[in-house]
Amino acid sequence: MEKRGWDDFDPGVILFSFEKDKKVTDIATTEPENRPYSQSNSFSSDQASGWRVEKPIFKQDLCIDCQFCWIYCPDMSIISRDKKMVGVDYDHCKGCGICVEVCPTNPKSLLMFVEAKEEAEALAEWPEKKKEEK
Amino acid sequence: MTEKMELKSVEVWDGNLAAAHSLRQAQVDVVSAYPITPSTPIVENYAKFLANGYVEGEYMMVESEHAAMSGCIGASAAGGRVATATSSQGFALMVETLYQASGMRLPIVLHVVNRAMAAPLNVNGDHSDMYLGRDSGWIQLDSFRQQEAYDLGLMAFKIGEDHGVRLPVMVHQDGFISSHTAQNIFPLSDEVAYSFLGDHQPFNAMLDFEKPATYGAQTEENWHFEHKAQQHHDLMTKVFSKVEEVFAEYEKISGRKYRIVEDFMMEDAEVAIIAMGTTVNSARLAAKIIREKEGIKAGVVGIRLLRPFPFEQIKEVLKDVKAIGTLDRSSPNGTVGMLHNEISGVVIENEKVPAMKNYIYGLGGRDITIQMLQDIFKELDVSAKAGKRVGPIQKFINVRGPELSFLGK
Amino acid sequence: MAEQKKIKNLKEFSKSVDRFEGSNLLCPGCAHSIIVREVLNATNDDLVLSAATGCLEVSTAVYPYTSWDASWIHIGFENATTAVAGAEAMYKALKRKGRLLQPDRPPKFVAFAGDGATYDIGFQWLSGTFERGHDVMHVTLDNEVYANTGGQSSSSTPIGSSTTTAPAGRVSYGEKRVKKDMMSIMAAHGAPYVAQVAPNKWKDMIKKIQHGFAVEGPVYINAMSACTTEWRFDVADTIAVSDLATDSLVFPLYEIIDGETWNITYRPKNVIPVRDYLAAQGRFKHLFKPENEYLIDEWQQRIDKEWVRLQRMEENSPR
């Protein structure tokens with residue numbers, strides 16, 4: 001991509017979301033894994049994931065599938081399928097931590113850990129349920 | 001369904017009405033426009049055609065020229081035939097969007113009825129607005145009279161919309177002298193005109209939902225230069241042959257021959273005037289008279305295509321000429337005129353470099369007479385005979401007060 | 001017209017598949033993105049989008065990447081509404097002429113613009129498009145500041161906010177003018193639907209966006225977009241700060257139908273003091289100095305008065 005010269009471009013600085021030879025018909029209902037994303041689609045890149053200092057880690061057994069993390073994620077990085085929270089898309093997550101803030105379970109089903117943290121290690125040191133403050 | 005209009009073989013139209021009929025016959029899908037003198041009647045006439053069922057496109061009467069071109073850009077990117085018209089201050093207000101239209105390679109047709117730029121305010125014809133657009137990345141076609149505003153108005157769609165070209169096109173005509181003066185016009189029938197153009201063929205249309213497209217991406221130092229280079233490359237290499245092809249095709253249906261450089265009596269010319277707009281016709285008449293009266297071998301070069309600039313074609317036409325007068329109808333405000341610079345850049349490539357003189361004329365609708373043009377030929381003849389430029393490089397023609405001239409001596 | 005997407009609850013809504021993609025360059029925690037997602041996911045219809053110059057635009061279409069899975073155009077700072085209006089005009093023309101490529105897929109036309117591109121530089125283009133009655137939706141991502149260029153005041157910037165062009169200092173408390181009332185201005189255009197929304201109140205927002213998509217004609221949506229960078233709060237607190245805004249009534253949620261029927265769509269159970277909203281943001285930090293404290297009282301009085309006005313407008317609306 002970086003080596004493309006002036007003679008390689010589509011005229012008009014145009015970018016196509018999907019592979020040029022694929023016609024999309026019902027993109028609004030096609031899951032990402034089934035979409036013919038082009039190399040020009042930012043989905044194909046992980047350029048902003050390197051901004052992360054901390055990352056959210058998901059502990060599934062605590063999750064009640066309320067979908068607050070899904071709706072409030074600014075980076076389309078909460079993977080939900082069939083009304084269930086499945087996990088975090090680390091290619092696109094910028095590590096803002098909104099998902100953790102809005103998580104209503106006790107203890108939270110999503111917590112921020114330093115980027116280098118191993119998932120298994122994080123899950124092992126998950127905090128206990130906090131007592132309700134009166 | 002649109003109504004066909006029965007036209008006579010000869011109609012009496014002014015340049016604005018002629019341009020409006022070219023839009024009607026092209027069955028433009030969206031016109032997004034804002035009125036300004038002297039181009040207003042083009043969009044008024046289009047509105048009348050719409051009101052009477054002669055066109056069935058959408059007409060956006062917007063709130064400024066900037067919005068007019070913005071609407072044209074949105075409509076053209078959506079995928080269809082688009083046109084508008086403007087002049088002078090309105091053109092200046094459009095300038096930002098002109099670059100955006102050409103950078104996105106949208107084949108919008110813009111009729112520019114040339115008018116002076118304020119201050120001081122002036123509604124009459126000169127070429128200040130045309131010159132303002134010359135770096136904007138558009139194709140610029142210039143008509144010298146009313147018939148040509150119509151003919152070029154039709155051909156502009158065919159040139160710009162070609163998938164190998166995909167560039168916006170301006171069609172220029174002189175304010176009032178061309179736009180508001182009626183002449184005999186020989187129009188094509190509606191059927192012949194439309195079949196010459198055909199339907200607009202979509203190209204990366206935003207309304208093609210099977211192929212979503214992003215228009216107007218940002219490119220910084222790592223990509224911007226390549227995109228500008230591509231646009232310049234396409235202007236330099238793809239437009240001339242297409243224009244010639246369309247001119248030839250149009251000649252077959254109209255009998256009227258157009259050339260990128262309209263040279264007149266240049267075969268044996270020793271002195272030449274380079275001009276644009278209606279002045280080309282006046283200069284031709286002056287050249288004929290001066291040849292008869294004084295035996296001066298005078299010729300005229302009219303620039304039909306200003307951008308891309310026909311460097312090679314002009315070079316060929318001027319290869320034997322001894323003295324050239326470039327006529328610029330726009331105040332250069334601190335240098336020589338645009339045509340003077342352009343033509344000088346051409347002729348230094350020839351073996352014989354002619355004497356070059358620059359005449360600034362006609363600002364704000366000031367007349368230039370046949371006599372004045374004859375006097376220019378006579379001045380040029382002096383330089384031609386001397387084998388070098390005699391007198392100053394730049395001179396103002398028909399301006400009150402003491403003679404105004406600059407550079408050289 | 002395609003059937004409206006059914007969104008009963010959040011679980012059902014979460015089955016939506018985004019047509020706005022990650023790895024864009026918006027700041028972590030940016031509310032713009034949350035708003036865009038809620039707007040786009042309110043429908044499954046095809047979309048024709050435009051964006052004004054601003055944070056959203058410079059972050060989502062930077063060559064060689066686009067973050068948009070629908071047709072999208074950016075022209076300039078001021079003309080996003082006109083860009084999409086031009087596309088809508090072309091749609092109508094081609095429909096009439098029978099030349100649409102996919103005639104059975106009527107799209108929605110949406111323009112996104114910041115408050116600078118709406119309240120200030122784009123105001124004329126917005127007004128013209130609404131006057132002409134195009135069937136388009138204009139969504140203002142209202143973060144009350146020129147965030148993309150580093151935090152200059154816009155006419156949406158609220159009084160007392162410290163910006164780079166109206167900085168708080170020894171003798172100044174920052175921005176001197178109250179926020180322009182765009183909602184009333186757009187309602188006065190006779191638009192069929194004008195609504196104020198906030199991304200934290202997603203259900204209210206989806207309902208309004210769907211209402212906007214269902215009506216014929218120009219629709220104005222003023223969306224509060226909490227800006228972590230210029231409002232100066234922690235990137236994880238976007239929704240928390242948004243909650244403070246809606247629950248203190250600083251950003252009341254309401255709609256105006258046909259320019260005459262006003263409906264308040266969210267009444268907080270516990271209205272919190274404006275002070276709490278201001279205290280959460282660095283842009284208002286200086287208001288808590290003793291010499292500026294009176295401004296906090298004035299803020300509260302102004303918000304109370306506006307709430308009374310809104311209720312009166314609602315009561316006096318034709319039903």
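Here is how names work: the chains are called A, B, and so on, in the same order as the sequence lines, proteins then strands, and each is numbered from 1.
Contact count versus chain B (heavy atoms, under 4.5 Å) is highest, among C:Ala87, C:Ala51, C:Ser127, for C:Ala87. Considering only heavy-atom pairs separated by less than 4.5 Å from chain C, the leading option among B:His66, B:Glu96, B:Gln27 is B:His66. Ranking B:Ala205, B:Pro212, B:Ala75 against chain C, the residue ahead of the rest is B:Ala75, based on heavy-atom pairs under 4.5 Å. Chosen from C:Glu88, C:Lys92, C:Glu57, the residue pairing most often with chain B at heavy-atom distances under 4.5 Å is C:Lys92. No other option in B:Cys72, B:Gly57, B:Ser76 has as many heavy-atom pairs under 4.5 Å with chain C as B:Gly57. The candidate with the highest count of non-hydrogen atom pairs below 4.5 Å against chain C, out of B:Ser70, B:Ala217, B:Gly71, is B:Ser70. Of the listed residues (B:Thr97, B:Asp29, B:Val82, B:Val62), the one with the most heavy-atom contacts under 4.5 Å to chain C is B:Asp29.
For the atom pair OG of B:Ser32 and CZ of C:Arg132, the computed distance is 6.5 Å after rounding to the nearest 0.5 Å. Atom CE of B:Met69 sits about 10.0 Å away from atom CD1 of C:Ile75, to the nearest 0.5 Å. From B:Glu58, atom CD reaches atom CZ of C:Arg96 across 4.5 Å, with rounding to the nearest 0.5 Å. Between B:Tyr215 atom OH and C:Ser50 atom OG the span is 14.5 Å, to the nearest 0.5 Å. Separating the CG atom in B:Leu207 from the CZ atom in C:Arg99 is a distance of 11.5 Å, to the nearest 0.5 Å.
Atom NE2 of B:His232 has 12 or fewer neighbouring heavy atoms from other residues, nucleotides or ligands inside a 6.0 Å radius. Counted within 6.0 Å of CD on B:Glu191, heavy atoms from surrounding residues, nucleotides or ligands total more than 12; the atom is thus considered enclosed.
Between C:Lys97 and B:Asp199 there is no salt bridge, since no side-chain nitrogen of the basic residue lies less than 4.0 Å from a carboxylate oxygen of the acidic one.
Residue B:Ala77 touches chain C through its side chain alone, counting heavy-atom pairs closer than 4.5 Å. Of the atoms belonging to C:Val84, not a single heavy atom falls under 4.5 Å from chain B. Residue B:Val31 does not touch chain C at all, counting heavy-atom pairs closer than 4.5 Å. Both the backbone and the side chain of C:Ala85 have a heavy atom closer than 4.5 Å to some heavy atom of chain B. Heavy atoms closer than 4.5 Å to chain C are found in the side chain of B:His227, but not in its backbone. At a 4.5 Å heavy-atom cutoff, the contact between C:Ile73 and chain B is made by backbone and side-chain atoms alike. For a residue to count as touching a neighbouring chain, one of its non-hydrogen atoms must lie under 4.5 Å from one of that chain's; by this rule C:Glu78 touches chain B with the side chain only. Proximity to chain C is limited to the backbone of B:Met61, based on heavy atoms less than 4.5 angstrom apart. If you measure heavy-atom distances from B:Glu220 to chain C, you find no contacts under 4.5 Å at all.
What you find for B:Asp208 and C:Gln102 is that their closest heavy atoms are OD1-NE2, 2.8 Å. Heavy atoms only, all atoms of each residue included: B:Met206 and C:Leu49 are closest at CE-O, 3.8 Å. Contact record, C:Ala89 with B:Met60: CB-SD, 3.7 Å, taken as the closest heavy-atom pair. Heavy atoms only, all atoms of each residue included: C:Met90 and B:Gly80 are closest at CE-CA, 3.3 Å. Taking each heavy atom of B:Thr214 and C:Ala61 in turn, the nearest pair found is CG2-CB, 4.0 Å. Taking both residues in full, the closest heavy atoms of B:Phe209 and C:Leu47 are given as CE2-O, 4.3 Å, listed atom of the first, atom of the second, then distance.
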